Every structure is written in C-alpha cells, then in structure tokens.
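Notes follow once the structure below has been shown.
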Amino acid sequence: MIPRTTQQWQAADAAHFLHPFTDFQALARKGSRVITRADNIYLWDSEGKKILDAMSGLWCVNVGYGQQALIDAATRQLKELPFYNAFFQTATPAAIELAELLAEVSPPSFQHVFFCGSGSEGNDTVVRMVRRYWDILGQPERQVIISRQNAYHGSTMAGASLGGMSGMHAQGGLPIPGIVHIDQPYWFEKAPPGMSRDAFGLLAASWLEAKIQAIGAGKVAAFIGEPIQGAGGVIVPPHSYWPEIQRICDRHGILLVSDEVITGFGRTGRWFGCETFAFKPDLMTFAKGVTSGYIPLGGVMVGERMAKVLIEQGGEFNHGYTYSGHPVACAVALANIRLVRELGLVERVHNDLGPYLAQAFEQISKHPLVGEVQSCGLMGALLLVKDKAGGDGRGTPFPAELEVGMLCRGHCFANGLIMRAVGDRMIIAPPLVITHAQIDDMVALISRCLDLTLADVRARGWDR
Ligand SMILES: Cc1ncc(COP(=O)(O)O)c(C=O)c1O
C-alpha cells in the first residue's frame, strides 16, 4: 500500500466504501478511523495513536494480533494449494485435518462438521439442515425455528431473521416465514421485582414451552440461542436457564442449536459456551475464534442425532458454498487451534483470567455510574445507570434517547480504548492472550472513561 495521509484515506473511503451497519452519509461527513497495523492486543491508527483493543476486533482475535504460526500456515498453504473446492467428491488435506481436530476439541457427540465462510452462512446452513432433517424423518410440517428477541445470528436473510434485532427486521421484510421469537433472559430488564436470578432463569425458559404449546410441538423444528447474548449486550443468563431449555426441547423432541460464533474456542473458559452452561445441543454454529479472525471461516458442528439421519438416510444435501472448506482458511484454523492448545488459553481463561477480570469488574461496580456488572470468562458488561440505588435496588436506567453509552464510547476512543456500547451496556471481550498487567491497564482506562462520562452527565444535569 502506498502511504497516504489520514485525510486522503478518509476521502477515498467516503467516496467508495459502504461500511456495514453504518449511516453512510453521516460517516462520510465525519470520516472513518483508519486502522493501519496491530500487535498483541493493540492497534495503531493512521495518526500513529495506540489503542487497546478490548473487543478482539469483532469478538474474534482470540490469540491476539501478529501470531507468526498463523501467518506461516497461511503462507505455506497459499504456496502449496491456494484453493480447491469440496464439491465434486474432492477434499483437501487442510480441510480433512481441520474436521478431525474440530471433532477432537468439541463435546464428544460432535464428530462431523459442515464448513462455510462466516457465522451468518453457518446459521443459514442451520436453517436448511434442521428442516432437511425433519423432511427426511417424514415430518416436513416441523418447520418453525424459535429464537429470541435481541439475539444476533448474522446479517444474511436467514441470519437476520433468526436474530431478534428490531432495527434489522424493519428493513427488507424480515423475518422470513417460519421464524418466531421469545423474550430474552435479561434479568435486569425482564425479571419481576424481587425475583432471584435463578427463579428468573426458569421463568424465562418457560417462555419457550409456552411458545411451543401455542404453535403446536409437531410444527416446531428447533430452538436456537447464543449461550451468552453477545451483540445484544453480553447478557449472561442465570445458570438455571440453559439446563431448563434443554429439558423443554427434549420433552418436545425439538432440536437445540447453540450459536457459538462468539462463545466458541475458549471465550467463556471452556472450548464452547454450551459446556460452560451445561447443555448438550444438536448443532453448534461457529466462526470468528476458529481462525482468530485472521481469515474468514465458519461452520456448523453436527451432533450424532442429526449426523446419523443426514448421512444414513439423507441422500444428497443440496447446499454448500464455493469456500466450504477453503484450504487456506482451514490451514490457519489448524494453526490457531493448535496455538490455543499450546498456550493453554482455554484453561487460562477458566482458572486465571476470567476470575481476575471478574474481580476487577467487582471493583468497577462501585463507580457511581455503574449498575449491573456481568462477566463470564473474557466477556463482560457494565450497565451505566442514573441512580444505583433506584429500581428495586437494580439501578434506574437513563432514558435511552440520552445515549449515555455512546458518550462513554466516545471517551474510550479518545483515550485509546476500544469498548463497545450496546445501549448503555459497555461491553468488552479482549484477546485471550491478555496479561494481568494489561487487564489492570484496561480497567484503569475504563475507570477514567467512566469518570469523564460521569462529569458530562452531571454537567448536563442528566443525573437529576
Ligand atoms: C452469535 C453470532 N452469530 C452469528 C454472527 C454472524 O457472524 P458473521 O458476521 O461472521 O456472519 C455473529 C456476529 O457477530 C454472532 O455474534
């Protein structure tokens, strides 16, 4: 790349590049931030400013930036065989080896994988696969997939339909037919006054049973959920929730799908989030952390119950992508998973970094602006509230239109920290290679940005 000034990059960007989830005109006016390089957990922008990336890119750079093993694996594979497809009864050694390794790190019932290019494509595959499964079993009327409001499952037609984001449904006539939603297990907003988290977990799970009964169990194909809702605001469900969801699905014979696109590959302190929350899904969607985001790859792990039917009775499955099992992506994934193992990152998150972050968040929870604090492994959320003591002791939220979260996010950017705002929930998911000292630095930056936000809130009289 020929070097240019920030203004030159921004002008060319505004002239030609339509960014995802962006108001094109507003960004063109403001100018995007241009990121030029990265190392470990840090990014540098075109002005040379160093930024601590507490979001691992987009929840994906689990092994951190600049890992030579991944770079070497890509280079080797590019030289040897940059592409071949898996359509016409062919395979490549990289894809075969990765399938084998994924079966090894997944819970034991997962011995098969279907590859694609992203999390969204993975969830499109889920929709086609669960409906195909019931067709093969002679129950084609089982079409409906139940998901949750405020879920995020991607941005393709099926992914956005499975997701429960009202802003996405408002554009393009979504959801597509046969996808319905129940409410989310968000204790802070949804639990009746005085209800414990565990009691609420059971209540929230009962909404699934009520929906199944309203539709008729014979028409329901599957339930899908993220073990922890990520893009929805790092909403960690009560521990009673998922085992009860499992019991309900089992009782009605319904397939259970765990969207592990964020929670897979160590983020929660186990290889997959379903292991942290003690449930056994039939399918797991994955992407992001499988290659630490170095190159696009996604897929669906297929459990025994479905694999047996699809393989032994299914005939041809008319579905797939040019890049299903792309050899370069698979080679990078192999190097990435081996590195995660070598560095013991899953165990480190479970035994050391997760508890260390939880402790640091406990300290931050004393800040006057912070209400609910949640973390699990290396995912965390701080809810900014107007009055900590209000609202049944949970804290009184700010009116949404004040956009206090965005105010805080602005301070984070200005102070060299990437932290995302989902409404007034400030969320993080740092690389799994982060050290204690770096967590301390991150927490110090968060505290400074909370102070700056509080000063703004007071100056504007929003605390009254
Ligand atoms: C849980 C979940 N599922 C699916 C996706 C979609 O993945 P992709 O953006 O790779 O299509 C995301 C993306 O953030 C996600 O968080």
Side-chain angles (χ1 to χ4, degrees), residues 19-22 53-62 114-130 145 147-165 167-169 174-175 179 181 184-186 222-237 242 256-268 272-274 276-277 279 281 283-301 321-324 326 329 332-333 336 376-381 418 420-422 425 427-429:
H19 293 229
F21 287 92
T22 294
D53 183 8
M55 280 306 299
S56 303
L58 210 46
W59 322 86
C60 48
V61 188
N62 289 2
F114 194 99
F115 288 120
C116 52
S118 67
S120 301
E121 285 180 8
N123 284 325
D124 278 43
T125 300
V126 162
V127 172
R128 302 214 48 207
M129 210 176 249
V130 298
I145 300 173
S147 178
R148 298 177 300 178
Q149 281 151 25
N150 200 34
Y152 189 78
H153 296 297
S155 198
T156 50
M157 293 294 277
S161 297
L162 289 171
M165 300 286 177
M168 293 174 78
H169 289 176
L174 301 180
I179 294 176
H181 300 81
Q184 56 178 337
Y186 184 14
F223 175 73
I224 184 169
E226 308 151 76
I228 296 172
Q229 283 163 263
V234 182
I235 293 161
V236 184
W242 276 110
L256 179 52
V257 185
S258 185
D259 184 339
E260 299 274 358
V261 167
I262 287 177
T263 48
F265 304 97
R267 174 64 55 198
T268 68
F272 293 92
C274 59
T276 297
F277 288 94
F279 67 102
L283 294 175
M284 296 194 300
T285 319
F286 65 87
K288 297 190 189 270
V290 67
T291 59
S292 284
Y294 278 47
I295 195 163
L297 179 70
V300 180
M301 294 304 300
Y321 305 98
T322 300
Y323 301 129
S324 288
H326 192 294
V332 173
N336 175 64
C376 176
L378 282 188
M379 293 174 81
I418 292 196
R420 190 160 152 184
V422 179
R425 282 176 86 80
I427 63 176
I428 56 159

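Note that this is a predicted model, so its numbers are computed, not measured. Residue indices begin at 1 and follow the sequence shown. All ligand and atom numbering here is 1-based and tracks the order in the structure.
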Which protein heavy atom lies closest to atom 4 (C) of ligand 1, and at what distance to 0.1 Å?
H153 C, 3.5 Å

One should read off an interatomic distance between S56 OG and K288 NZ, to the nearest 0.5 angstrom, of 10.0 Å

In Å and rounded to the nearest 0.5 Å, what is the CD1 to CG distance from I428 to L378?
7.5 Å

Which of the numbered atoms in ligand 1 are under 4.0 angstrom from any heavy atom belonging to S118?
10 (O), 11 (O)

Short N/O distance, under 3.5 Å, between S120 and ligand 1?
yes

Which of the atoms in ligand 1, numbered in the order shown and given with their element, are less than 4.0 Å from a heavy-atom of I262?
16 (O)

Please indicate whether M165 has more than 12 foreign heavy atoms, meaning atoms of other residues, nucleotides or ligands, lying under 6.0 Å from its CE.
yes

Is the ring pair F115/F286 parallel, tilted or perpendicular, if the boundaries are 30 and 60 degrees?
perpendicular

Please report which non-hydrogen protein atom sits nearest to atom 1 (C) of ligand 1, along with the residue it belongs to and the distance in Å to one decimal place.
Y152 O, 3.3 Å

Tell me which one of T291, L297, V290 satisfies side chain to side chain contact (heavy atoms under 4.5 Å, CB included) with V332.
T291

Give the numbers and elements of all ligand 1 atoms closer than 4.0 Å to a heavy atom of G154.
4 (C), 5 (C), 6 (C)

Hey, is N123 touching ligand 1 through its side chain, its backbone, both or neither, going by heavy atoms under 4.0 Å?
side chain

Note: ligand 1 atoms sitting under 4.0 Å from heavy atoms of K288 are 12 (C), 13 (C), 14 (O)

Per-atom contacts of ligand 1 with D259, taking only distances under 4.0 Å to non-hydrogen atoms
1 (C), 2 (C), 3 (N), 4 (C)

Side chain, backbone, both or neither: which part of E121 has a heavy atom under 4.0 Å from ligand 1?
neither

N/O donor-acceptor pair under 3.5 Å between H181 side chain and G163 backbone:
yes

Short N/O distance, under 3.5 Å, between E226 and ligand 1?
no

With ring pair (Phe, Tyr, Trp, His ring centres under 6.0 Å) as the test, pick out the partner of F279 among F272, W242, F223.
W242

For Y323, look at atom OH and say whether over 12 heavy atoms of other residues, nucleotides or ligands are found less than 6.0 Å away.
no

Residue G119 vicinity, atoms of ligand 1 by number, heavy atom under 4.0 Å:
6 (C), 7 (O), 8 (P), 10 (O), 11 (O)

